[in-house]
Protein chains: 2
Amino acid sequence: MSTLEPRTIPQTSSKVISIGELRAHCSNCSMRELCLPFGLASSEVDQLYSIIGSRVKLKKGEPLFRNGAPFAALYAIRLGSIKTTMLSDDGREQIAGYHMPGDILGLDGMSTNRHECEAIALEDTEACVIPFERLEEISRKVPALQHSLHRVLGREIGHDHRQLLLLGSMRAEERLAAFLLNLSERYKCRGYSSTEFVLRMTREEIGSFLGLKLETVSRLFSRFQEEGLVQVQGRAVKIVDLPTLKQLASVR
Amino acid sequence: MSTLEPRTIPQTSSKVISIGELRAHCSNCSMRELCLPFGLASSEVDQLYSIIGSRVKLKKGEPLFRNGAPFAALYAIRLGSIKTTMLSDDGREQIAGYHMPGDILGLDGMSTNRHECEAIALEDTEACVIPFERLEEISRKVPALQHSLHRVLGREIGHDHRQLLLLGSMRAEERLAAFLLNLSERYKCRGYSSTEFVLRMTREEIGSFLGLKLETVSRLFSRFQEEGLVQVQGRAVKIVDLPTLKQLASVR
DNA sequence: CGCGCCGTTGATATTATTCAAGACCAGTGG
DNA sequence: CCACTGGTCTTGAATAATATCAACGGCGCG
């Protein structure tokens, strides 16, 4: 089954909800502060909402889009979480992003009109489909929306650069500390606890994201626990000593 | 001397050429095929050109913009080369990009309205200043330009993701091979030799870019030379065995 | 209940870094 | 013209960090 036939909707078997079935609207979506609508007046949000043709529901492990699939839309996560992975020719994979509600996915497709990575749900997940041509169209009419899109793009680039810094110049323990702090911060922004959360990735996936092997990640968790920085039980993490963790990650 | 006072023009002592002095125009710039004008009709290029307020000339080592500087413009390199570096709080730096003519810089500033990295000239360099607000303005009127900007942004994101793959999952020799192939490809696109070129970075800078130490880079160059993959003399590189190099980098 | 995936931990191997010394090269000033 | 200097590059030896290999325990699910 080729992933290359042109389609507007992601290559997945999951249910696509037609717009008629939607009750939720951007303006009462709990993620509007982090997502594309941020900073828009309500009439502007309405225009954005008007082009959101559908939502997608994904079960754990299902792809939102696959490597090489035609690019037709951006996706805003409403619920759940998604990893994006880059594939090298010899089969190795590198997790490039770990996304949660409010994040916008699919930006990588804008240059070649093909997605250049895979986006896989880490748990049951729901995302809004934002047809890109229509988004371009209305963002020409609505400066605030254009600006918002640019802000999202800049944020993605900034994040990638910080991840380059992490992978290129931090040691293993610094990487894990930075990872935990990053999650902490993002959960906080979303109104969840910044000190207790459940990881949605396996040790192997965390390792891939951080440029480490799964055993190294596991050992580090154990050591952090010994040293009283965190409490870990499988994927449940509780941050105990935030200051030391910050110092480790050399993050302000 | 603070780098934070608001200015439109980069914080540098270099000469800024007013528009009156310009002879060159986008449409006869040799980089138009790679740069923002790509795919635009000539009247559209004229509109783009109309907002390019000035060009900047930088001497080797001078900054195009500094970390934390206010974001007001994108920059298109006409001539020369520029590195962009991320700074961690404890002073370490990571080179996030190695840019050459036709590349667009400054995209990282779009989210926070501050540049989040430093852009330093690696040799005498010339860049066009593209005021961002005006670019947003005319890209609302000119769909092709809007699209071109999005393409540039997508390209940057795609490039960053490939660099994440490199830093996160390739071994030292694979990284250097991939680096050389990437340069080869880019020089080729620009009409230069794809097999013989001069590096504009020191071993230390290459190391930073690749997440390695300068000694490791030096040893790898020596080994590649022994193995007949390249000929190296200081910064002058000649690629001898392209196929093996490609195989090493596991790049198609 | 058993199987498969996930996570932990130890022993060992490998890779890259660190430390150190010296060569090379271009620019500078005597 | 030459010696001097600072930055860059190369190479070797020792060391540290992380990966690899291997064994096992636990948990969830069919």
Side-chain angles (χ1 to χ4, degrees), chain A residues 59-61 83 90-95 120 122-124 166-180 198-227 229-238 248-249, chain B residues 59-61 83 90 92-95 120 122-124 166-180 198-227 229-238 248:
Chain A
K59 289 208 207 37
K60 181 176 172 175
K83 65 172 176 180
D90 61 345
R92 272 176 291 187
E93 68 171 354
Q94 169 71 26
I95 297 187
I120 310 283
L122 292 165
E123 61 190 308
D124 289 4
L166 182 146
L167 291 177
S169 66
M170 293 174 97
R171 298 179 317 116
E173 56 172 21
E174 299 172 319
R175 294 184 200 185
L176 187 62
F179 172 69
L180 292 172
V198 175
L199 302 168
R200 295 302 176 180
M201 295 200 283
T202 65
R203 299 291 189 256
E204 183 167 21
E205 287 167 330
I206 296 169
S208 170
F209 189 49
L210 300 179
L212 303 169
K213 292 299 166 184
L214 68 97
E215 295 95 329
T216 306
V217 174
S218 179
R219 279 183 240 275
L220 284 170
F221 271 126
S222 302
R223 219 180 75 206
F224 280 8
Q225 175 147 269
E226 270 175 41
E227 293 168 354
L229 303 178
V230 297
Q231 279 179 28
V232 190
Q233 240 177 334
R235 303 198 189 172
V237 174
K238 180 175 176 177
L248 248 186
Chain B
K59 290 209 205 36
K60 182 177 173 176
K83 65 173 176 179
D90 61 345
R92 272 176 292 186
E93 69 171 352
Q94 168 72 26
I95 297 187
I120 310 284
L122 291 165
E123 60 191 308
D124 289 2
L166 182 145
L167 292 178
S169 65
M170 294 173 95
R171 296 177 322 113
E173 57 172 22
E174 299 173 319
R175 295 184 199 184
L176 188 63
F179 172 69
L180 292 172
V198 175
L199 303 168
R200 296 302 176 179
M201 296 200 281
T202 65
R203 299 290 187 258
E204 184 167 22
E205 287 167 329
I206 296 169
S208 170
F209 189 50
L210 301 179
L212 302 169
K213 293 297 166 186
L214 71 97
E215 295 95 329
T216 306
V217 174
S218 179
R219 277 182 242 275
L220 284 170
F221 272 125
S222 303
R223 219 180 74 205
F224 281 7
Q225 175 148 270
E226 271 175 39
E227 293 167 354
L229 302 178
V230 297
Q231 280 180 29
V232 190
Q233 240 176 335
R235 303 199 188 171
V237 174
K238 180 174 177 179
L248 248 186

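In what follows, every chain begins at residue 1, and chains take the letters A, B, ... in the order their sequences are listed.
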Please report the distance, rounded to the nearest Å, between [atom1] in [X] and [atom2] in [N].
| X | N | atom1 | atom2 | answer |
| --- | --- | --- | --- | --- |
| A:M170 | C:dT17 | CE | C1' | 18 Å |
| B:K213 | D:dT18 | NZ | P | 12 Å |
| B:F221 | D:dT8 | CZ | P | 15 Å |
| A:E226 | C:dT8 | CD | P | 12 Å |
| B:E205 | D:dG7 | CD | P | 14 Å |
| A:Q233 | D:dC27 | CD | C1' | 12 Å |
| A:L220 | C:dT8 | CG | P | 11 Å |
| B:R223 | C:dA16 | CZ | C1' | 12 Å |

Quick check on [N]: is either OP1 or OP2 less than 4.0 Å from any side-chain nitrogen or oxygen of [X]?
| X | N | result |
| --- | --- | --- |
| A:R203 | C:dT8 | yes |
| A:R235 | C:dG7 | yes |
| B:S222 | D:dT11 | yes |
| B:R219 | D:dG12 | no |
| B:S218 | D:dT11 | no |

> So which of A:L248, A:L229, A:V237, A:V232 actually passes side-chain contact (heavy atoms from CB on, under 4.5 Å) with A:L180?
Replying inline: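 Testing A:L180 for a side-chain contact (heavy atoms from CB on, under 4.5 Å) against A:L248, A:L229, A:V237, A:V232 leaves exactly one candidate, A:V237.
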>> Taking side-chain contact (heavy atoms from CB on, under 4.5 Å) as the criterion, tell me which of A:L220, A:L212, A:V217, A:T216 meets it with A:R203.
In response: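 It is A:V217; the other options fail the test.
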> Within a strict 4.5 Å, meaning less than it, do heavy atoms of the A:T202 and A:R235 side chains meet?
Replying inline: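 Yes, at least one pair of side-chain atoms sits under 4.5 Å.
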> A:R223 versus A:E227: any side-chain heavy-atom pair under 4.5 Å?
Replying inline: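 The answer is yes; the side chains approach within 4.5 Å.
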>> Nearest to the A:A172 side chain among D:dT18, C:dT18, C:dG7, which nucleotide is it?
In response: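 Within the option list, the nearest is D:dT18.
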> If you look at every strand shown and take non-hydrogen atoms under 4.0 Å, does B:L214 touch a base, only sugar-phosphate, or nothing?
Replying inline: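 The residue B:L214 makes base contact.
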> Just checking A:G211: base, sugar-phosphate only, or nothing, at a heavy-atom cut-off of under 4.0 Å?
Replying inline: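 Result for A:G211 = sugar-phosphate.
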>> Should the side chain of B:E215 and the base of C:dC19 be counted as holding a donor-acceptor pair, with the cut-off at 3.5 Å?
In response: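 Indeed there is one.
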>> Taking the nucleotide of DNA chain C with the nearest heavy atom to each, does A:T216 or B:V217 sit closer to the 5' end?
In response: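 Checking each residue's closest nucleotide, the 5'-ward one belongs to A:T216.
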>> Could you go through B:E123 and B:V198, starting from their C-alpha distance and side-chain angles, then the distance that decides it, and tell me whether this counts as side chain to side chain contact (heavy atoms under 4.5 Å, CB included)?
In response: CA-CA 12 Å; B:E123 60 191 308; B:V198 175; over 6 Å; no
